[in-house]
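Here is the structure we will look at, set down as structure tokens.
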Number of protein chains: 2
Amino acid sequence: MCELLAMSANVPTDIVFSFTGLAERGGVTGPHIDGWGITFYEGKGSRTFKDARPSSESHIAQLIKSYPIKSEVVISHIRQANRGCVSLENTHPFTRELWGQYWTYAHNGQLSDYESKFTGKRFNAVGDTDSEMAFCWIMDQVVEKFGDAAPDDMLVVYRFVATLADELRALGVFNMILSDGEHLMIFCSNNLCYITRRAPFGKAKLIDTDVVVDFNKETTPNDVVTVIATRPLTKDEQWNVLGAGEWKLFKKGELLIA
Amino acid sequence: MCELLAMSANVPTDIVFSFTGLAERGGVTGPHIDGWGITFYEGKGSRTFKDARPSSESHIAQLIKSYPIKSEVVISHIRQANRGCVSLENTHPFTRELWGQYWTYAHNGQLSDYESKFTGKRFNAVGDTDSEMAFCWIMDQVVEKFGDAAPDDMLVVYRFVATLADELRALGVFNMILSDGEHLMIFCSNNLCYITRRAPFGKAKLIDTDVVVDFNKETTPNDVVTVIATRPLTKDEQWNVLGAGEWKLFKKGELLIA
């Protein structure tokens, strides 16, 4: 299995603190040594850092931990391979362009009996993971339903994606994070939780390594920052745990669809 | 205008030496301070590092110069903005997936009177540069001609792309680099040159900064490495300069279509 991390915020915020905790699970406190990746949206643009090496010993992960890239939407993933070999093309997150937006996706879990379903039309997997194939299948379904232009109401699209995710959950374990750079959707199959931090901010201590952050010093009173993770990353904070089949949609750190 | 850099090699090769020269042109020896980007293919996978900051003072460019990522195909670009503001979404190279391959593209030049041509069908620009719109137009034309599956002979696709590039050249300046991760195509409008290095290897000195490399120490006798650039990067070597409308296709460092 793998571990997911994501963020939605109303001001550009760095994810150094949370990523530091996640990266430890890539070889130190966790067994997820088969690569890692992180996507930062900055405006409509995005950039993804990936490495097929364990996050705990990656030069590039070291850069991410030391160089605070400020972003409103972040998606990250550390991998323990089950389907597909260890290689760059099998490393999450995956990105595709649709409707002039970059869509970014990461998956935790494993699917079975998907070969006849994931045939690939417009969107095709580059690697050989069930995860990327599932992403391409979702994107193909979205285009088939909504066509070549984005509908005015994007919530309709995410409600449709939730029905697709539920269909995939029937094939195994499907915890998913998906974003168009503005919205952040999370879908839970068995392991996903989130926390929304806003004033008054307090301190938090990472579970996986000996780091404490005082959010009060790092934030302004109007900041709203939601962090999503497979398992809670901090002690002394109350994380919201999602149930099987539950999903949420965030925008600028706030819950849009509960 | 901007500067382009690319590489095609028959063994995974690092581009640290050439990128070091290029990066100097991003603020030190050249005026290209509006961001930079570099894409490395590793197998079918690829990863792109981008920054909207000048390459000569970017933390991430520093990483690329010090951490040798070995790759068979590399595309890089440093930008001096003419169309489109300075932002991450306007930073080259641009990537789209087609036929289960990542296609990566960078452009040097400027186009005019393209609004009615670049309407966007399946592929749409995320940013607002003429460069990205031209890329999406090319990809749309390729799909329209060849459909949803790659033809057996990819050379036919590149020959078609060359006719499209020639059509774009009529709208202004269009120096282009395009790759599917295996082939590397270069199209010249006014400024593009390349050099193929193979045994016996010699020494080369960068024009833009005081660095000398002895390729003999860095390579094995069977290595074939082609480097493409807007202007020659080294002294004491003979670069091949392309003429207006000329294009080349490389695979594993060797010229496929001259």
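These figures come from a predicted structure and were not determined experimentally. Every heavy atom of this structure was used, including side-chain atoms; hydrogens, water molecules and symmetry mates were not. Below, read A as the first sequence line, B as the second, and so on, with proteins coming before strands; counting in each chain starts at 1.
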If you apply the rule ring-ring contact (aromatic ring centres under 6.0 Å, His included), what do you find for A:Phe19 with A:Trp36, and how did you get there?
CA-CA 11 Å; A:Phe19 184 75; A:Trp36 62 278; 5.5 Å; yes
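- Contact of A:Asp51 with chain B is made through backbone and side chain together, with heavy-atom distances under 4.5 Å.
- B:Tyr158 and B:Ser179 get closest at one heavy-atom pair: OH-C, 4.0 Å.
- Using a 4.5 Å cut-off between heavy atoms, B:Arg47 touches chain A through backbone and side chain atoms alike.
- With respect to the salt-bridge test (charged N to carboxylate O, under 4.0 angstrom), the residues A:Glu167 and A:Lys117 qualify.
- Contact annotation: the side chain of A:Asn90 approaches that of A:Cys85 to within less than 4.5 Å [non-hydrogen atoms, C-beta and beyond].
- When each of A:Gly45, A:Ala52, A:Ala149, A:Cys136 is scored by its heavy-atom pairs under 4.5 Å with chain B, the top score falls to A:Gly45.
- Contacts classified as side-chain hydrogen bond (donor to acceptor under 3.5 Å, both in side chains) and involving residues 142-154 of chain B (residues at least two apart or in different chains) are given here: B:Lys121-B:Glu144, B:Arg122-B:Asp148.
- To the nearest 0.5 Å, atoms CZ (B:Arg53) and CG (B:Asp34) are separated by 13.0 Å.
- Considering OG of B:Ser76 and CG of B:Leu5, their distance stands at 5.0 Å, rounded to 0.5 Å.
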Intermediate values then yes/no, ring-ring contact (aromatic ring centres under 6.0 Å, His included), B:His107 and B:Phe135:
CA-CA 9 Å; B:His107 165 229; B:Phe135 177 39; over 10 Å; no
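- Using a 4.5 Å cut-off between heavy atoms, A:Phe49 touches chain B through its side chain atoms alone.
- Heavy atoms closer than 4.5 Å to chain B are found in both the backbone and the side chain of A:Glu42.
- Proximity to chain A at a heavy-atom threshold of 4.5 Å picks out B:Asn124, B:Ala125, B:Val126, B:Glu132 from residues 124-134 of chain B, in numerical order.
- With hydrogens and angles disregarded, no donor-acceptor distance shorter than 3.5 Å links the side chain of B:Thr20 to the backbone of B:Ser18.
- Contact of A:Ser87 with chain B is not made at all, since no heavy-atom distance falls under 4.5 Å.
- Classification of B:Lys252 and B:Glu182 as a salt-bridged pair fails, no side-chain N sitting under 4.0 Å from a carboxylate O.
- For a residue to count as touching a neighbouring chain, one of its non-hydrogen atoms must lie under 4.5 Å from one of that chain's; by this rule A:Thr91 does not touch chain B.
- Of all residues spanning residues 63-73 of chain B, those with a heavy atom less than 4.5 Å away from chain A's heavy atoms are B:Leu63, B:Tyr67, arranged by number.
- The closest side-chain heavy-atom distance from B:Met139 to B:Leu98 is below 4.5 Å.
- Aromatic ring pairs are classed by plane angle as parallel below 30°, tilted from 30° to 60° and perpendicular above 60°; the pair B:His92 and B:Phe94 is tilted.
- With sequence neighbours left out, the ring-ring contact (aromatic ring centres under 6.0 Å, His included) criterion links B:Tyr41 to no other residue.
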